[in-house]
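Step one of this worksheet: look at the structure below.
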Amino acid sequence: MDVQERAEATRRYLVEAAARLFEERGYAGTSISDISAQSGRTSGAIYFHFSNKEKLALAVVTATLDTWPAKIAEVRASPAPALDKMVSLSFAVARAFRDDVVVRAGSRLWMERRAIDAPVPGPFAAWTETVTGLLRDAQESGELAPGIAPDTAALTVVYAFFGLHTVSEAVDNRARIEERLRGMWEVLLPALQAEPDPAALLARVRAADPAGRTGAPGAAGPAGFTDPAEPLPQPA
(Lines give C-alpha, C1' and ligand atoms only; values in the text may rest on other atoms or scores of the structure.)
Protein backbone atom coordinates (compact mmCIF):
# COMPACT_ATOMS: atom_id res chain seq x y z
CA MET A 1 0.00 0.00 0.00
CA ASP A 2 1.59 3.29 -1.10
CA VAL A 3 1.44 6.60 0.77
CA GLN A 4 -1.63 7.89 -1.08
CA GLU A 5 -3.54 4.65 -0.52
CA ARG A 6 -2.63 4.67 3.18
CA ALA A 7 -3.72 8.29 3.47
CA GLU A 8 -7.11 7.47 1.95
CA ALA A 9 -7.47 4.38 4.16
CA THR A 10 -6.68 6.50 7.22
CA ARG A 11 -9.26 9.11 6.22
CA ARG A 12 -11.91 6.40 5.79
CA TYR A 13 -11.02 4.94 9.17
CA LEU A 14 -11.30 8.33 10.86
CA VAL A 15 -14.62 9.02 9.13
CA GLU A 16 -16.08 5.81 10.53
CA ALA A 17 -14.68 6.47 14.01
CA ALA A 18 -16.19 9.95 13.95
CA ALA A 19 -19.47 8.62 12.56
CA ARG A 20 -19.91 6.28 15.51
CA LEU A 21 -19.68 9.22 17.90
CA PHE A 22 -21.73 11.66 15.82
CA GLU A 23 -24.48 9.06 15.54
CA GLU A 24 -24.43 8.36 19.29
CA ARG A 25 -23.78 11.82 20.75
CA GLY A 26 -24.59 14.29 17.98
CA TYR A 27 -22.40 17.01 16.54
CA ALA A 28 -22.27 19.29 19.57
CA GLY A 29 -21.65 16.37 21.92
CA THR A 30 -18.61 15.11 20.04
CA SER A 31 -15.14 16.63 20.22
CA ILE A 32 -11.91 15.96 18.37
CA SER A 33 -10.57 14.56 21.66
CA ASP A 34 -13.48 12.09 21.72
CA ILE A 35 -12.72 11.04 18.14
CA SER A 36 -9.06 10.67 19.07
CA ALA A 37 -9.99 8.30 21.90
CA GLN A 38 -12.42 6.38 19.67
CA SER A 39 -9.96 5.99 16.80
CA GLY A 40 -6.75 5.53 18.77
CA ARG A 41 -5.16 8.39 16.81
CA THR A 42 -3.79 11.59 18.27
CA SER A 43 -5.64 14.87 17.77
CA GLY A 44 -2.68 16.02 15.70
CA ALA A 45 -3.08 13.01 13.43
CA ILE A 46 -6.75 13.83 12.95
CA TYR A 47 -5.98 17.48 12.16
CA PHE A 48 -3.40 16.23 9.64
CA HIS A 49 -6.32 14.86 7.58
CA PHE A 50 -9.18 17.18 8.64
CA SER A 51 -8.49 20.78 9.55
CA ASN A 52 -11.40 20.99 12.00
CA LYS A 53 -14.46 19.16 13.33
CA GLU A 54 -16.68 20.77 10.69
CA LYS A 55 -14.60 19.26 7.88
CA LEU A 56 -14.79 15.83 9.51
CA ALA A 57 -18.57 16.12 9.90
CA LEU A 58 -18.87 17.12 6.23
CA ALA A 59 -16.76 14.10 5.28
CA VAL A 60 -19.24 11.86 7.12
CA VAL A 61 -22.17 13.47 5.27
CA THR A 62 -20.32 13.15 1.95
CA ALA A 63 -19.59 9.48 2.65
CA THR A 64 -23.31 8.99 3.27
CA LEU A 65 -24.25 10.64 -0.03
CA ASP A 66 -21.56 8.63 -1.83
CA THR A 67 -23.30 5.44 -0.70
CA TRP A 68 -26.32 5.97 -2.92
CA PRO A 69 -25.14 6.14 -6.58
CA ALA A 70 -23.98 2.51 -6.65
CA LYS A 71 -27.25 1.32 -5.07
CA ILE A 72 -29.27 3.36 -7.55
CA ALA A 73 -27.26 2.09 -10.52
CA GLU A 74 -27.62 -1.51 -9.39
CA VAL A 75 -31.39 -1.21 -9.06
CA ARG A 76 -31.83 0.70 -12.32
CA ALA A 77 -29.83 -1.96 -14.19
CA SER A 78 -32.34 -4.61 -13.12
CA PRO A 79 -34.80 -5.92 -15.73
CA ALA A 80 -37.63 -5.55 -13.20
CA PRO A 81 -40.58 -3.21 -13.83
CA ALA A 82 -40.00 0.41 -12.87
CA LEU A 83 -42.30 0.41 -9.84
CA ASP A 84 -40.62 -2.77 -8.59
CA LYS A 85 -37.29 -0.96 -8.90
CA MET A 86 -38.55 2.01 -6.90
CA VAL A 87 -39.81 -0.21 -4.08
CA SER A 88 -36.67 -2.38 -4.14
CA LEU A 89 -34.49 0.71 -3.87
CA SER A 90 -36.48 1.94 -0.89
CA PHE A 91 -35.79 -1.29 1.00
CA ALA A 92 -32.07 -1.17 0.15
CA VAL A 93 -31.89 2.39 1.47
CA ALA A 94 -33.92 1.49 4.56
CA ARG A 95 -31.48 -1.30 5.43
CA ALA A 96 -28.55 1.08 4.97
CA PHE A 97 -30.16 3.54 7.41
CA ARG A 98 -30.69 0.71 9.88
CA ASP A 99 -27.36 -1.09 9.55
CA ASP A 100 -24.68 1.40 8.38
CA VAL A 101 -23.30 3.66 11.10
CA VAL A 102 -21.95 6.19 8.59
CA VAL A 103 -25.37 6.55 6.96
CA ARG A 104 -27.04 6.93 10.35
CA ALA A 105 -24.47 9.53 11.40
CA GLY A 106 -24.87 11.42 8.12
CA SER A 107 -28.62 11.52 8.69
CA ARG A 108 -28.21 12.87 12.22
CA LEU A 109 -25.69 15.47 11.10
CA TRP A 110 -28.10 16.67 8.43
CA MET A 111 -30.78 17.09 11.08
CA GLU A 112 -28.28 19.06 13.20
CA ARG A 113 -26.90 21.05 10.25
CA ARG A 114 -27.63 24.43 11.85
CA ALA A 115 -25.04 23.65 14.52
CA ILE A 116 -22.35 23.06 11.89
CA ASP A 117 -20.49 26.16 10.76
CA ALA A 118 -20.43 25.10 7.10
CA PRO A 119 -23.00 24.35 4.37
CA VAL A 120 -24.18 20.74 4.71
CA PRO A 121 -25.32 19.06 1.46
CA GLY A 122 -28.73 17.42 1.62
CA PRO A 123 -30.07 14.28 -0.04
CA PHE A 124 -33.60 15.25 -0.95
CA ALA A 125 -33.15 16.84 -4.39
CA ALA A 126 -31.18 13.85 -5.66
CA TRP A 127 -33.68 11.35 -4.25
CA THR A 128 -36.62 13.27 -5.71
CA GLU A 129 -34.90 13.26 -9.11
CA THR A 130 -34.26 9.51 -8.88
CA VAL A 131 -37.83 8.66 -7.89
CA THR A 132 -39.21 11.00 -10.56
CA GLY A 133 -37.16 9.16 -13.18
CA LEU A 134 -38.44 5.78 -12.06
CA LEU A 135 -42.05 7.02 -12.07
CA ARG A 136 -41.60 8.42 -15.58
CA ASP A 137 -40.29 5.02 -16.66
CA ALA A 138 -43.36 3.46 -15.05
CA GLN A 139 -45.59 5.92 -16.91
CA GLU A 140 -43.96 5.09 -20.25
CA SER A 141 -44.35 1.35 -19.67
CA GLY A 142 -48.00 1.68 -18.64
CA GLU A 143 -47.41 0.71 -15.00
CA LEU A 144 -48.41 4.08 -13.56
CA ALA A 145 -52.04 4.86 -12.92
CA PRO A 146 -53.64 7.39 -15.30
CA GLY A 147 -53.60 10.95 -14.02
CA ILE A 148 -50.56 10.47 -11.78
CA ALA A 149 -47.91 13.16 -12.41
CA PRO A 150 -44.45 11.62 -11.81
CA ASP A 151 -42.90 14.78 -10.38
CA THR A 152 -45.74 15.35 -7.90
CA ALA A 153 -45.93 11.68 -6.93
CA ALA A 154 -42.14 11.60 -6.43
CA LEU A 155 -42.34 14.36 -3.84
CA THR A 156 -45.07 12.44 -2.00
CA VAL A 157 -42.99 9.25 -2.00
CA VAL A 158 -39.83 11.03 -0.80
CA TYR A 159 -41.73 12.88 1.95
CA ALA A 160 -43.40 9.68 3.11
CA PHE A 161 -40.15 7.69 3.00
CA PHE A 162 -38.04 10.12 5.01
CA GLY A 163 -40.89 10.87 7.39
CA LEU A 164 -41.15 7.14 8.02
CA HIS A 165 -37.45 7.03 8.87
CA THR A 166 -37.72 9.94 11.29
CA VAL A 167 -40.59 8.35 13.18
CA SER A 168 -39.09 4.86 13.06
CA GLU A 169 -35.80 6.12 14.48
CA ALA A 170 -37.61 7.83 17.32
CA VAL A 171 -39.91 4.89 18.12
CA ASP A 172 -37.60 1.87 18.02
CA ASN A 173 -34.27 2.93 16.49
CA ARG A 174 -35.44 1.59 13.10
CA ALA A 175 -35.62 -2.00 14.37
CA ARG A 176 -38.89 -2.56 12.46
CA ILE A 177 -38.14 -0.30 9.52
CA GLU A 178 -38.75 -2.94 6.83
CA GLU A 179 -42.10 -3.89 8.32
CA ARG A 180 -43.13 -0.25 8.48
CA LEU A 181 -41.91 0.36 4.94
CA ARG A 182 -44.06 -2.49 3.65
CA GLY A 183 -47.01 -0.83 5.36
CA MET A 184 -46.22 2.46 3.64
CA TRP A 185 -46.17 0.80 0.23
CA GLU A 186 -49.40 -1.04 0.94
CA VAL A 187 -50.99 2.40 1.29
CA LEU A 188 -49.23 4.17 -1.61
CA LEU A 189 -49.10 1.49 -4.30
CA PRO A 190 -52.87 1.19 -4.90
CA ALA A 191 -52.83 4.86 -5.93
CA LEU A 192 -49.70 4.51 -8.10
CA GLN A 193 -50.29 1.23 -9.93
CA ALA A 194 -52.34 1.14 -13.13
CA GLU A 195 -53.56 -2.29 -12.04
CA PRO A 196 -53.35 -2.18 -8.24
CA ASP A 197 -51.81 -5.26 -6.70
CA PRO A 198 -49.38 -4.17 -3.98
CA ALA A 199 -49.14 -7.64 -2.45
CA ALA A 200 -47.86 -9.14 -5.71
CA LEU A 201 -45.35 -6.33 -6.26
CA LEU A 202 -44.01 -6.58 -2.71
CA ALA A 203 -43.74 -10.36 -3.06
CA ARG A 204 -41.71 -9.96 -6.28
CA VAL A 205 -39.37 -7.48 -4.63
CA ARG A 206 -38.91 -9.73 -1.62
CA ALA A 207 -38.24 -12.80 -3.80
CA ALA A 208 -35.66 -10.95 -5.90
CA ASP A 209 -33.73 -9.57 -2.92
CA PRO A 210 -31.75 -12.01 -0.73
CA ALA A 211 -31.33 -9.37 1.99
CA GLY A 212 -35.06 -8.76 1.96
CA ARG A 213 -35.82 -12.47 2.18
CA THR A 214 -33.62 -13.01 5.21
CA GLY A 215 -34.37 -9.71 6.89
CA ALA A 216 -30.97 -10.02 8.54
CA PRO A 217 -29.20 -6.79 9.48
CA GLY A 218 -26.08 -6.11 7.51
CA ALA A 219 -22.67 -4.97 8.65
CA ALA A 220 -22.46 -2.14 11.13
CA GLY A 221 -20.54 -0.03 8.64
CA PRO A 222 -19.30 -0.03 5.05
CA ALA A 223 -16.61 -2.51 4.08
CA GLY A 224 -13.01 -1.37 4.22
CA PHE A 225 -13.21 0.84 7.31
CA THR A 226 -10.31 -0.72 9.17
CA ASP A 227 -7.28 0.89 10.72
CA PRO A 228 -4.43 0.87 8.17
CA ALA A 229 -1.63 -1.42 9.24
CA GLU A 230 1.08 1.07 8.34
CA PRO A 231 0.49 4.50 9.90
CA LEU A 232 1.37 7.58 7.90
CA PRO A 233 4.00 9.99 9.18
CA GLN A 234 2.13 12.27 11.57
CA PRO A 235 2.89 15.77 12.80
CA ALA A 236 4.48 16.06 16.22
Side-chain angles (χ1 to χ4, degrees), residues 1 3-41 43 45-76 89-130 158 161-162 165-166 169 173-174 177 211 217-229 231-232:
M1 185 183 292
V3 171
Q4 184 175 352
E5 290 172 333
R6 284 188 283 118
E8 183 56 33
T10 298
R11 284 176 60 87
R12 290 197 306 269
Y13 174 71
L14 292 173
V15 164
E16 186 186 46
R20 293 185 184 281
L21 292 173
F22 286 139
E23 194 266 336
E24 177 184 345
R25 304 180 185 179
Y27 180 77
T30 300
S31 68
I32 290 293
S33 296
D34 296 330
I35 297 167
S36 172
Q38 173 79 10
S39 66
R41 296 301 182 96
S43 296
I46 295 170
Y47 284 124
F48 181 79
H49 294 278
F50 301 97
S51 58
N52 52 44
K53 187 174 75 166
E54 288 84 0
K55 291 286 176 34
L56 189 44
L58 290 175
V60 172
V61 174
T62 299
T64 300
L65 298 178
D66 288 347
T67 301
W68 309 132
K71 291 184 185 295
I72 293 168
E74 180 182 359
V75 168
R76 293 207 68 133
L89 181 60
S90 75
F91 279 96
V93 174
R95 286 190 289 271
F97 272 104
R98 183 192 64 197
D99 302 336
D100 189 324
V101 68
V102 175
V103 172
R104 294 197 306 272
S107 176
R108 178 161 183 174
L109 288 169
W110 164 254
M111 297 295 291
E112 298 178 358
R113 63 193 179 280
R114 289 180 177 83
I116 301 173
D117 190 20
V120 180
F124 303 117
W127 278 120
T128 301
E129 180 181 355
T130 297
V158 170
F161 181 80
F162 283 99
H165 275 281
T166 299
E169 192 277 333
N173 200 29
R174 299 189 178 97
I177 188 64
F225 282 72
T226 53
D227 195 358
L232 290 168

(request) Could you tell me whether the side chain of T10 and the main chain of R6 form a donor-acceptor pair under 3.5 Å? (result) yes
(request) For the pair R11 (side chain) and H49 (backbone), establish whether a donor and an acceptor sit closer than 3.5 Å, ignoring hydrogens and angles. (result) yes
Can you give me every donor-acceptor pair (side chain of residues 115-128, partner residue at least two apart or in another chain, under 3.5 Å) with its distance?
{"from": "T128", "atom 1": "OG1", "to": "F124", "atom 2": "O", "distance (Å)": "2.8"}

So which heavy atom on [X] is nearest to which on [Y], and how close?
X    : Y   : value
V103 : A96 : CB-O, 3.8 Å
G106 : T64 : CA-OG1, 3.4 Å
S39  : Y13 : O-OH, 2.8 Å
V102 : A63 : CG1-CB, 3.8 Å
Y47  : N52 : CE2-CA, 4.0 Å
L21  : Q38 : CD1-CB, 3.7 Å

(message) A side-chain contact here means heavy atoms from C-beta on lying under 4.5 Å apart; do L58 and F50 qualify?
(response) no
Excluding sequence neighbours, so at least two apart, what forms salt bridge (Lys or Arg N to Asp or Glu O under 4.0 Å) with [X]?
X    : value
R113 : none
R108 : E112
E169 : none

(request) Mind checking the CD1-CZ spacing from I35 to R41? Nearest 0.5 Å is all I need. (result) 13.5 Å
(message) Measuring from atom OG1 of T130 to atom CD1 of I72, what distance do you get when rounded to the nearest 0.5 angstrom?
(response) 3.5 Å
[X]: which residues meet the side-chain hydrogen bond (donor to acceptor under 3.5 Å, both in side chains) condition with it, sequence neighbours left out?
X   : result
S90 : W185
E23 : R104
E54 : Y27

(request) Among residues two or more places apart or on two chains, list those pairs meeting salt bridge (Lys or Arg N to Asp or Glu O under 4.0 Å) that have a residue in residues 27-38. (result) R25-D34
(request) Would you mind listing every salt bridge (Lys or Arg N to Asp or Glu O under 4.0 Å) that reaches into residues 62-74, with sequence neighbours excluded? (result) none
(request) Considering only NZ, NE, NH1 and NH2 on the basic side and carboxylate oxygens on the acidic side, decide whether R12 and E16 come within less than 4.0 Å. (result) no
(message) For F97, give me all partners under ring-ring contact (aromatic ring centres under 6.0 Å, His included), at least two apart in sequence or on another chain.
(response) W68, H165
